[in-house]
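As structure tokens, the structure follows; a few thoughts come after it.
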Amino acid sequence: IAASALTTVGGFVALFVMKFGMGFDLGMVLAKGVTLSLLSVLIFQPCIVIVTNKIFVKFEHKPFAPKISGVGGFAIRKRFFIAAIALILIIPAFIAQYNVKFSYMKMEKHPPEVTGVEKVAQAMGNSFVLIVPVENPDNHREFIKELNKINDDGKTGNVQIFGIYTILPDFLLNAVPDMENNAAYKDVEALKTFINNGYTMYSVMVDVETESEEGFLARERIEKIADKHFAEGTVREENDFQPYYMTGLVQGVYDLSVITPVDFRNVSLLSIGIIALILVITLRSFKETFIILMVIQLGIWINLSIAWIWGVEVNFMAYIIISSIQLGATVDYAILLGVKFKKYCTEMSVARAAYYATADSTPAILTSASIMAGACLSVYVITSNMMVAEVVMLVARGAILSCILVLVLLPALLMLFTRELVGIPKLTFMHMYVDIAEYFNRGTKYNEPFVYPTRVDEEREERSFKLILKEKRKRRK
């Protein structure tokens with residue numbers, strides 16, 4: 001339980017390194033929630049179980065969930081085929097998840113139809129706001145002239161420019177740089193909107209969509225023109241002087257598009273590093289840690305690749321946080337199966353250890369994955385927020401994919417890469433146990449393949465294991 005909680009917290013702590021401020025807040029809330037849940041389970045749940053034990057016994061019933069026993073057998077029988085499929089999928093899935101298209105400002109799951117007036121409002125909302133030095137009127141005339149020409153090739157949409165150099169008559173433009181310090185204009189409140197501290201403001205409205213190639217092209221052209229007229233010949237210093245400033249929705253989308261890949265890389269690497277450290281301490285095996293991380297990471301890549309295959313845009317926040325959330329939340333499935341496999345390997349053959357570890361872990365893994373997927377899908381159905389809908393859809397799909405990979409791929413890989421059989425007790429006076437163990441063993445005595453046990457075999461082996469445990473207690477004394 002502690003290892004599962006720590007890996008989940010480690011995945012959420014990785015969100016702290018995001019440049020986007022929401023990542024720190026989200027990671028803090030999720031990590032705090034998991035930590036408090038861990039304390040509740042370890043402290044309060046045992047007390048509640050003891051107090052209500054009589055009620056539990058009174059209403060005890062058979063499990064309603066169907067018993068799925070064939071998953072482990074399938075994974076062991078088809079292990080080479082399953083491993084080959086996983087190996088084939090790794091590289092395409094890794095490449096595809098980097099080609100996912102992002103959305104940044106789309107917040108409505110089902111946006112309403114836009115009327116003519118709303119289209120005008122959207123166009124005005126897509127304006128660029130430039131804060132530039134107010135001096136040199138001739139420079140501003142050339143700046144305005146070149147801005148009006150950025151759509152000469154018809155690739156960026158119509159342009160409208162609004163600023164003090166566009167609303168004043170031409171004979172007053174030469175006086176604009178001195179207006180801020182001129183006593184005659186100091187009391188004019190409207191003037192302060194356009195001129196302040198030696199800078200003036202332009203509003204450049206471009207008829208483009210916020211998240212479009214045309215919008216990015218318009219931003220690039222406006223930036224080049226601004227660099228030409230206001231940045232050439234100036235020395236850029238980090239904290240003291242900035243030749244000009246540019247902002248707006250399109251500029252904001254561009255800035256997010258620049259930091260999103262960096263945040264995704266940093267969050268992924270840090271979450272993998274933290275979880276790998278916890279797994280190595282828990283499992284005490286670099287090999288098993290690597291196998292578990294690769295299985296879960298493959299699930300993340302396939303999850304994002306599905307969005308690319310369907311041609312669906314993914315919200316940039318969902319893209320960044322899915323790696324840490326899916327890795328941290330679903331690696332618990334692999335820890336449960338891996339710990340059981342490691343324990344069973346000291347008592348039986350590798351094939352049987354993989355079989356029983358999968359059979360014992362399947363109910364818990366299916367329950368956990370079903371709860372996570374069901375909760376996320378219910379939120380997806382009722383929410384109208386696009387970002388929330390995409391986050392919960394990715395998490396739900398990731399939980400299902402990780403569940404399938406852990407139950408099918410992980411046992412196959414553990415069996416393939418665990419070659420040595422550790423510690424089947426050689427108690428010759430216990431013929432029942434030795435015969436069963438050798439019969440199911442992978443080529444230890446008769447060089448026979450793994451045979452799946454029947455119910456009678458399992459009952460006989462269970463009785464023999466009880467005798468083994470009894471003998472161990474005597475030896476300890």
Side-chain angles (χ1 to χ4, degrees), residues 1 3-5 7-8 41 60-83 85-86 279 282-283 288 291-300 302-303 326-377 395-418 440 442 450-459 461-462 465:
I1 295 174
S4 298
T7 52
T8 306
V41 168
E60 192 174 14
H61 58 80
K62 293 181 179 180
F64 296 127
K67 190 173 182 180
I68 304 174
S69 58
V71 179
F74 173 79
I76 294 170
R77 282 197 305 271
K78 305 293 183 181
R79 58 188 179 277
F80 293 106
F81 176 74
I82 293 170
I85 293 295
L279 288 176
T282 303
L283 301 175
E288 291 181 13
I291 291 173
I292 287 174
L293 285 177
M294 283 306 300
V295 169
I296 302 299
Q297 202 63 43
L298 177 61
I300 296 171
I302 294 175
N303 191 6
Q326 185 175 341
L327 181 60
T330 61
V331 75
D332 305 347
Y333 313 158
I335 291 175
L336 176 62
L337 195 149
V339 169
K340 286 184 178 293
F341 173 78
K342 201 172 181 67
K343 173 181 176 292
Y344 288 157
C345 275
T346 63
E347 302 171 353
M348 59 187 78
S349 67
V350 174
R352 286 176 65 76
Y355 176 83
Y356 282 122
T358 307
D360 291 352
S361 305
T362 298
I365 293 174
L366 287 177
T367 301
S368 180
S370 301
I371 291 172
M372 179 175 287
C376 291
L377 290 174
V395 173
R397 197 163 63 206
I400 296 171
L401 287 170
S402 295
C403 175
I404 294 171
L405 290 176
V406 167
L407 292 178
V408 176
L409 177 59
L410 184 58
L413 294 179
L414 288 175
M415 184 177 173
L416 286 174
F417 291 98
T418 306
F440 290 117
R442 189 177 51 178
F450 176 74
V451 180
Y452 298 97
T454 63
R455 183 177 296 276
V456 175
D457 293 329
E458 291 177 354
E459 291 175 355
E461 190 177 46
E462 187 176 352
F465 282 161

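In this chain, residues are counted from 1 in sequence order.
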Measure the spacing between [atom1] of [X] and [atom2] of [Y] and express it to the nearest 0.5 Å.
{"X": "F74", "Y": "Y355", "atom1": "CZ", "atom2": "OH", "answer": "14.5 Å"}
{"X": "E288", "Y": "I335", "atom1": "CD", "atom2": "CD1", "answer": "11.5 Å"}
{"X": "L409", "Y": "K78", "atom1": "CG", "atom2": "NZ", "answer": "16.0 Å"}
{"X": "Q297", "Y": "S402", "atom1": "CD", "atom2": "OG", "answer": "10.0 Å"}
{"X": "L366", "Y": "I371", "atom1": "CG", "atom2": "CD1", "answer": "11.0 Å"}

- prompt: So, does T8 use its side chain to make a donor-acceptor pair with the main chain of G328 at under 3.5 Å?
  reply: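 Yes, the answer is positive, given that a donor and an acceptor are paired below the 3.5 Å cut-off.
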
task: Check the pair L293 / L327 against side chain to side chain contact (heavy atoms under 4.5 Å, CB included), numbers first and verdict last.
output: CA-CA 8 Å; L293 285 177; L327 181 60; 4.2 Å; yes

Over all atoms of both residues, closest heavy-atom pair of [X] and [Y]:
{"X": "C376", "Y": "A396", "answer": "CB-CB, 3.7 Å"}
{"X": "L401", "Y": "G299", "answer": "CD1-O, 3.9 Å"}
{"X": "T367", "Y": "P363", "answer": "OG1-O, 2.7 Å"}
{"X": "A399", "Y": "T330", "answer": "CA-CG2, 4.0 Å"}
{"X": "K340", "Y": "S361", "answer": "CD-OG, 3.2 Å"}
{"X": "L416", "Y": "A83", "answer": "CD1-CB, 3.7 Å"}

field: Criterion side chain to side chain contact (heavy atoms under 4.5 Å, CB included) on Y333 and L407, from CA distance to verdict
entry: CA-CA 9 Å; Y333 313 158; L407 292 178; over 6 Å; no

Check whether any side-chain heavy atom of [X] lies under 4.5 Å from a side-chain heavy atom of [Y], and answer yes or no.
{"X": "L410", "Y": "F341", "answer": "no"}
{"X": "D360", "Y": "L337", "answer": "no"}
{"X": "Q326", "Y": "V395", "answer": "no"}

- request: Report the C-alpha separation of M415 and I76 in whole Å, then their side-chain angles, then the decisive distance to 0.1 Å, and conclude whether the side chain to side chain contact (heavy atoms under 4.5 Å, CB included) test is met.
  value: CA-CA 7 Å; M415 184 177 173; I76 294 170; 3.4 Å; yes

task: Check side chain to side chain donor-acceptor pair (under 3.5 Å) between T358 and all other residues, then give those that pass, not counting sequence neighbours.
output: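 With neighbours one apart ignored, the set is empty.
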
message: Would D332 and S368 count as a side chain to side chain donor-acceptor pair (under 3.5 Å) here? Give the steps.
response: CA-CA 9 Å; D332 305 347; S368 180; over 6 Å; no

- prompt: Do other residues, nucleotides or ligands put more than 12 heavy atoms under 6.0 Å from I85 CD1?
  reply: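 Check passes, neighbour count above 12.
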
With I292, the side chain to side chain contact (heavy atoms under 4.5 Å, CB included) member among T7, V406, L283, L413: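 The option that passes is L283.
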
message: Using the rule given for side chain to side chain contact (heavy atoms under 4.5 Å, CB included), can you reason through V331 versus L279, listing the C-alpha separation, both sets of side-chain angles and the distance that settles it, and then say yes or no?
response: CA-CA 10 Å; V331 75; L279 288 176; 4.2 Å; yes

